[in-house]
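Contents: one structure, followed by commentary.
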Amino acid sequence: MNDSPYVGPRPFLRSEASLFFGRRVQARNLSLDWLADRVTVLHGPPAVGKTSLLQAGILPLLEQEPHVVTLRPSRLAPPAPPRAVAAGHNAFVYSVLSDWGAPAAPGTTVAEFLAGRVTQMPPSGRLLAAIDQFEEVYSAFPTRVAEREGLLRQLAAALAEIPSLNLLLVVRDDHLASVNAGEALLGVPMNYRRLDGLDERAAAEAVQGPRRGTGRELPDEETRALVDRLRTSTHTDLLGNAASVVHPLVEPLHLQIVCAESWADPGLTGIPGVAQALSAFYRRATEEAGLETGVPVAEVRAWVESAFITEYGTRDTKLRGLTRTADMRNEVADALVARHLLTATTRLRGTWYQLGQDQMIEVVRRAGDGLDEPRPAARVPEDAGVFTEAAEAAFGEGNFTGARRLASVAASRYQLEGDTRRQAQAMALHGEIALVEGDLTAARESFRSALNGFESLADRVSTARSLSALANVVATSGDHRAAADLYRQAVEINRTDVEARTGLGFALWRLGSPADAEAEFAQAITARPGAEPAATARALSGRGQVRVDLRLYARALDDLDRALALGLNPEDEADACSARALALAGLGRHEEAAAAMEAALLLAPGSPLTRERAARLRR
């Protein structure tokens, strides 16, 4: 389905705007609202397409507007990178700012970060910032009340200090009351705009539009039949009594699922094709949930039918308990929510689950009646490698909770098989996921477990890498002396480990030994001929920054230019640019220095290191 013009159950990306149809009016109206109002709230039920409208509908329109700067939309979950959390800073603020631009230094306020974005704008310009899935500020981290209020107060301060700033908050309906309660903290009135499903005309456009020019266009009558079927849901009770309900609107999620399945299999047409496409979606969602959680797929499906469909053939709701929902582990419910089969709503201080749409009732019932038999692939795999691959895929998609569970299952399976190497590799993957989530304790334990495994195998290369990974965790927590000791151990085991030598160089620099750091960076650059360009670039950048502190400006400039040419991540690029500005100033090239510092400030306006270097340049 790689050539499909339909995205299926996931949201549209900004790059897929040419495939986004049926929301032209809403996109135009919301664009105008965002430009005109200080705070706009886009709300609607789960899976109605709010994120898709923002990414593929609104942003492409605003990018054509002169004097408008639109920041990349932000998310509040997963948690902020651990450097912010470990230092006791506001994780919500860090997450938002990291999405809006280059990662900001911990402690940077929203107003400080955005101030650098407005310096080049004309007085009439607008700075537009969006936070998608804003309900996560209330649901993702319920214990961080102070940080939640801190984010709202910082947004309020930014709105007060930056008149050109307009915010767009995207939120689910069930959290509207919480958002409304926060209006007083923001200090400005909110403009609320609701997004519903697609009417008949919009749904037909969403079906036909992506197919234009493909040679596989659908006739108008077939499109109308498909839209009518998508609007119709059938309820059958336990006595066999059936009733059909025709809804005025089409669920965008189901439209995308059915169209993606029919594109992959042109035989899925007409009314039978809709049922088959939804059944295929149901099979995949339950199989993947079973694989992720270790619960047999047959049990997952039996639970979905018994818990979420009443005896009258209507949707039922279940309250999430401390560890189980309707006598099933909460991890299963979470996995099905992530795959859009279930939806989670918050009310009465609890989380309630139900089937996402009425259309799925008959699909679930048919599967339970044996009319849609599970495929052989539905069985939980015996091969532990399947769990490792699934963990890596979930990690890449940002499903960190599922990825950690899958990595743990893989490690346990490998342990039972006596495969120490792959068990250690699975634990290293678990550590990487935990580090991104900000769980430093779990990351440290996972990397230590991986380290023990590789040491028992006398695998020097993997042992050194595990020590470096552990050192990264320790450095993230701010203990650079302990990190330096771990990096040294890694270097002693594998003297060609570029990453370990580079990490040691940064640790020595932060401990106040620039000359020793320069020597270590030099070793890293030449340690392994043919090393990855990214690794070499970071080592060059580190040496260049140290040489600026040592006032070796010409040599520093050469290192920094080489590092930037090889390519750095945004945070490292900002550090390199600000150091480069000081090197240029040291060589008397003041105009070039000012331009280089301006570039650094645009990349990371809230970075204390960048601000400190900018102050040095002004002096």
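The closest side-chain heavy-atom distance from Leu341 to Arg284 is not below 4.5 Å. Counting heavy atoms from C-beta on, the side chains of Ser466 and Phe454 come closer than 4.5 Å. Considering only heavy atoms from C-beta on, Leu540 stays 4.5 Å or farther from Leu560 through its side chain. With a 4.5 Å cut-off on side-chain heavy atoms, Leu97 and Phe113 count as touching. A heavy-atom distance below 4.5 Å is found between the side chains of Ser408 and His430. Between Glu292 and Val295 there is no side-chain heavy-atom pair separated by less than 4.5 Å. Within the 4.5 Å cutoff, the side chain of Leu508 has heavy atoms near those of the Arg488 side chain. The shortest distance between side-chain heavy atoms of Leu564 and Cys577 falls below 4.5 Å.
In the model, Arg538 has no side-chain atom that pairs as donor or acceptor with a side-chain atom of Thr502 under 3.5 Å. Side-chain atoms of Thr388 and Glu392 include no donor-acceptor pair closer than 3.5 Å. Side chains of Tyr487 and Asn472: a donor on one and an acceptor on the other come within 3.5 Å. For the residue pair Trp509/Asp549, the side-chain donor-acceptor check at 3.5 Å is satisfied. A donor and an acceptor atom, one from each side chain of Asn330 and Thr325, are located under 3.5 Å apart. If you check the side chains of Thr496 and Asn494, you find a donor sitting under 3.5 Å from an acceptor. For the residue pair Ser578/Arg613, the side-chain donor-acceptor check at 3.5 Å is satisfied.
Between Asp327 and Arg324 a salt bridge is recorded (basic side-chain N to carboxylate O distance below 4.0 Å). With salt bridges taken as basic N to acidic carboxylate O contacts below 4.0 Å, none links Glu136 and Arg148. Ion pair Asp575/Arg580 not flagged as a salt bridge, since none of the NZ, NE, NH1 or NH2 atoms sits closer than 4.0 Å to an Asp/Glu carboxylate oxygen.
To the nearest 0.5 Å, the span separating CZ on Phe92 from CD on Glu149 amounts to 11.0 Å. The distance from atom CG of Leu406 to atom CD of Glu288, rounded to the nearest 0.5 Å, is 10.0 Å. In this structure, CD in Glu299 is found 6.0 Å from CE in Met328, a value given to the nearest 0.5 Å. Here Arg72 contributes atom CZ and Trp100 contributes atom CH2; the two are 12.0 Å apart, rounded to the nearest 0.5 Å. Residue Thr109 holds its OG1 atom at 3.5 Å from CD of Glu112, rounded to the nearest 0.5 Å. With values rounded to the nearest 0.5 angstrom, Gln133 atom CD is found 7.5 Å from Lys50 atom NZ.
Of all heavy-atom pairs spanning Ala260 and Ser4, the tightest one is CA-OG, 4.2 Å. Residues Ala333 and Trp303 share a closest heavy-atom pair of CB-CH2, 3.9 Å. The shortest heavy-atom contact between Ala289 and Arg339 is N-NE, 4.1 Å. Closest approach of His480 to Ala507, counting heavy atoms only: O-CB, 3.9 Å. Between Gly567 and Ala537, the closest heavy-atom pair is O-CB, 3.5 Å. Residue Gln354 comes nearest to Phe308 through the heavy atom pair CA-CD2, 3.8 Å, listed as atom of the first residue, atom of the second, then distance.
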Yes or no on side-chain hydrogen bond (donor to acceptor under 3.5 Å, both in side chains) for Asp99 and Tyr94, after CA distance, side-chain angles and deciding distance? CA-CA 9 Å; Asp99 285 339; Tyr94 195 101; over 6 Å; no
Please evaluate residues Glu287 and Leu291 with respect to the criterion side chain to side chain contact (heavy atoms under 4.5 Å, CB included), reporting the C-alpha separation (whole Å), side-chain torsions for both, the decisive distance (0.1 Å), and the verdict. CA-CA 6 Å; Glu287 286 169 12; Leu291 178 65; over 6 Å; no
Worked verdict on Ser541 versus Gln545 for side-chain hydrogen bond (donor to acceptor under 3.5 Å, both in side chains): CA-CA 6 Å; Ser541 175; Gln545 293 178 69; 3.1 Å; yes
Let's go through Ile257 and Phe281 carefully: what are the C-alpha distance in whole Å and the side-chain angles of both, what is the deciding distance for side chain to side chain contact (heavy atoms under 4.5 Å, CB included) to 0.1 Å, and is it a yes or a no? CA-CA 7 Å; Ile257 290 169; Phe281 164 71; 3.6 Å; yes
Test side chain to side chain contact (heavy atoms under 4.5 Å, CB included) on Val110 and Val96 and set out the steps. CA-CA 9 Å; Val110 174; Val96 169; 5.6 Å; no
What do the steps show when you test Val137 against Leu151 for side chain to side chain contact (heavy atoms under 4.5 Å, CB included), and what is the final call? CA-CA 9 Å; Val137 75; Leu151 171 65; 4.0 Å; yes
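Shown here is Arg465, whose CZ atom has no more than 12 heavy atoms of other residues, nucleotides or ligands within 6.0 Å. When the shell of 6.0 Å around CZ of Arg528 is examined, it contains more than 12 heavy atoms from other residues, nucleotides or ligands. Atom CZ of Arg14 is surrounded by more than 12 heavy atoms from other residues, nucleotides or ligands within 6.0 Å.
Listed by chain and number, the residues in a salt bridge (charged side-chain N to carboxylate O under 4.0 Å, His left out) with Arg547 are Glu518, Asp559 (sequence neighbours excluded).
Applying the salt bridge (Lys or Arg N to Asp or Glu O under 4.0 Å) test to pairs two or more places apart or on separate chains, those with a residue in residues 494-511 are Arg501-Glu520. Sorted by first and then second residue, the ring-ring contact (aromatic ring centres under 6.0 Å, His included) pairs with a member in residues 513-537 read Phe506-Phe521; sequence neighbours excluded.
The backbone N or O of Leu13 lies less than 3.5 Å from no partner atom in the side chain of Gln55, so there is not a single donor-acceptor pair. Arg329 places a side-chain N or O within donor-acceptor distance of the main-chain N or O of Thr293, the cut-off being under 3.5 Å. With hydrogens and angles disregarded, no donor-acceptor distance shorter than 3.5 Å links the side chain of Gln423 to the backbone of Tyr414. With hydrogens and angles disregarded, a donor-acceptor distance shorter than 3.5 Å links the side chain of Ser477 to the backbone of Val474. Thr286 places a side-chain N or O within donor-acceptor distance of the main-chain N or O of Arg283, the cut-off being under 3.5 Å.
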